[in-house]
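These notes are about the structure you will find just below.
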2 protein chains.
Amino acid sequence: MGIFEKKDIRKTAFRQKVLDVFYQNENSITIGQIETAIGKHDRITLYRTIKTFLDAGLIHEIVMPGDVKKLALCNDCEHGPNEHAAHHQHNHIHFHCAQCQEVICVDNELPNIDLEGYQIDSIEIQARGVCASCL
Amino acid sequence: MGIFEKKDIRKTAFRQKVLDVFYQNENSITIGQIETAIGKHDRITLYRTIKTFLDAGLIHEIVMPGDVKKLALCNDCEHGPNEHAAHHQHNHIHFHCAQCQEVICVDNELPNIDLEGYQIDSIEIQARGVCASCL
DNA sequence: ATATTTTTGCAACATTGTTGCATTTTATGG
DNA sequence: CCATAAAATGCAACAATGTTGCAAAAATAT
């Protein structure tokens, strides 16, 4: 059973191409990287494809401090099929390496955070530093 | 001694107006809110003013999941004058209230996070839920 | 194979942000 | 206070990123 069937997304040549770019990159990628990789395809279609993937929970969006925006495959994310990407729960920390500039999803137990008087539904953590490969 | 002198930023009518918008809003605001508040001023100047404020450490930028981008005054941030906004250290958590949609800087001790093999220089935490006022 | 639904591509547009340059404003120093 | 230097402003033009409506094409279902 392929990823398309599992997530109820139609399998098209274009979408397979986009998905391949994700598989070919270990860490998260930018929309620009996808555009370069798939060649002279229509930008609109790509944006819609990404939205479809996001809605299906196939990928997730990472917004790092400094307006670094990336996309990454969801491997271990807890999500239902209709959950909006913005409220998507991750069991990992998004790590931005200052050296190789990669944004990496590091599997890690999220710390328990309690804010007096606040009801916390989800938490996102972004870290910056030097990644394991660059150290 | 005013905030301009302290941060070595020139005091102009325009900048005072922009700063007032920050003071008039308890929590973080969007560039759009500032544009509306200050009236028909030049957008370019506003962008440059914001950049100046960011560089001076007067305000900081908050990027929340779902492309919510906000600006907030820095009250308790640890930063030097030349430190870039992206690497700005906060002692608070950015909290997005799902009800009032405000993005609030909640003063809180940041949890100690240790990632095996990674060198962590800074951490940003975003939480989502219901804020104290809305509960 | 045909009908239905979804995806794609095009054109046009909207938003957000940037750069260069001339002008104005603010601060500085006699 | 006036001249000068430095910085901020406003304009025009541009660039990047993302969206909408609609017709054509492709994929799925009958």
Side-chain angles (χ1 to χ4, degrees), chain A residues 1-21 28-56 58-71 81-82 84-86 103, chain B residues 1-21 28-56 58-71 81-82 84-86 103:
Chain A
M1 185 164 91
I3 198 163
F4 288 119
E5 290 79 12
K6 188 165 56 183
K7 301 292 176 179
D8 197 31
I9 291 180
R10 276 165 198 250
K11 180 178 170 176
T12 68
F14 181 80
R15 289 183 177 185
Q16 187 60 59
K17 247 175 151 177
V18 174
L19 205 54
D20 282 345
V21 185
S28 55
I29 54 178
T30 62
I31 294 186
Q33 275 178 274
I34 304 175
E35 287 190 275
T36 306
I38 62 176
K40 71 294 153 251
H41 271 276
D42 195 58
R43 282 176 54 252
I44 295 95
T45 304
L46 177 57
Y47 278 108
R48 279 190 283 226
T49 297
I50 289 169
K51 192 176 188 313
T52 304
F53 284 6
L54 284 171
D55 288 346
L58 209 68
I59 60 174
H60 64 275
E61 193 185 43
I62 308 168
V63 208
M64 299 295 288
D67 293 318
V68 180
K69 192 170 171 181
K70 297 256 187 166
L71 299 167
N82 291 324
H84 189 278
V103 173
Chain B
M1 184 165 92
I3 198 163
F4 288 119
E5 289 80 11
K6 187 165 58 181
K7 301 291 176 178
D8 198 28
I9 291 179
R10 275 164 198 252
K11 180 178 171 177
T12 69
F14 181 81
R15 289 183 176 186
Q16 188 59 59
K17 246 175 150 178
V18 174
L19 205 55
D20 282 345
V21 184
S28 55
I29 55 179
T30 62
I31 295 188
Q33 275 178 274
I34 304 176
E35 288 190 275
T36 305
I38 61 175
K40 72 287 152 262
H41 270 276
D42 197 58
R43 283 177 53 250
I44 294 96
T45 305
L46 177 56
Y47 278 108
R48 278 190 282 225
T49 297
I50 289 169
K51 193 177 187 315
T52 303
F53 283 5
L54 284 170
D55 288 346
L58 209 67
I59 60 173
H60 65 274
E61 193 185 42
I62 308 168
V63 208
M64 299 294 288
D67 293 318
V68 179
K69 192 170 172 182
K70 298 254 187 167
L71 299 167
N82 291 323
H84 188 278
V103 172

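Proteins get letters first, then strands, A, B, ... in listed order; numbering begins at 1 in each.
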Atom CD1 of B:Ile31 to atom C1' of C:dT18: distance rounded to whole Å? 12 Å

Does the side chain of B:Leu71 come within less than 4.5 Å of B:His60's, by heavy atoms? no

Heavy atoms only: give me the nearest B:Met64-B:Val103 pair and the separation to one decimal. CG-CG2, 4.1 Å

Taking 4.0 Å as the cut-off, does a side-chain nitrogen or oxygen of A:Thr12 come that near to OP1 or OP2 on C:dT6? no

Could you state the atom-to-atom distance from CG of B:Leu46 to P of C:dT18 in whole Å? 11 Å

Across the strands shown, which category fits A:Arg15 at heavy-atom distances under 4.0 angstrom: base, sugar-phosphate, nothing? sugar-phosphate

With a 4.0 Å cutoff (strictly under), does any side-chain N or O of A:Thr45 reach OP1 or OP2 of C:dG9? yes

Does A:Thr49 put a side-chain nitrogen or oxygen below 4.0 Å from OP1 or OP2 of C:dT7? no

Should B:Lys69 and B:Glu61 count as an ion pair when the cut-off is N to O under 4.0 Å? yes

Checking only heavy atoms, does the side chain of B:Arg10 share a donor-acceptor pair with the base of C:dT26 at less than 3.5 Å? yes

Indicate yes or no for a side-chain donor-acceptor contact from A:Gln33 to the backbone of A:Thr30 under 3.5 Å, with no hydrogens or angles considered. yes

For chain B, the stretch of DNA chain D it reaches, first to last nucleotide, under 4.0 Å of its heavy atoms: D:dA7 to D:dA12

Give a yes/no on whether any side-chain N or O of B:Lys69 is located under 4.0 angstrom from OP1 or OP2 of C:dT15. no

No-H, no-angle donor-acceptor pair, A:Arg48 side chain to C:dG9 base, under 3.5 Å: yes

With nearest nucleotides of DNA chain C determined for B:Ala13 and B:Glu35 from heavy-atom distances, which residue corresponds to the more 5′ nucleotide? B:Glu35

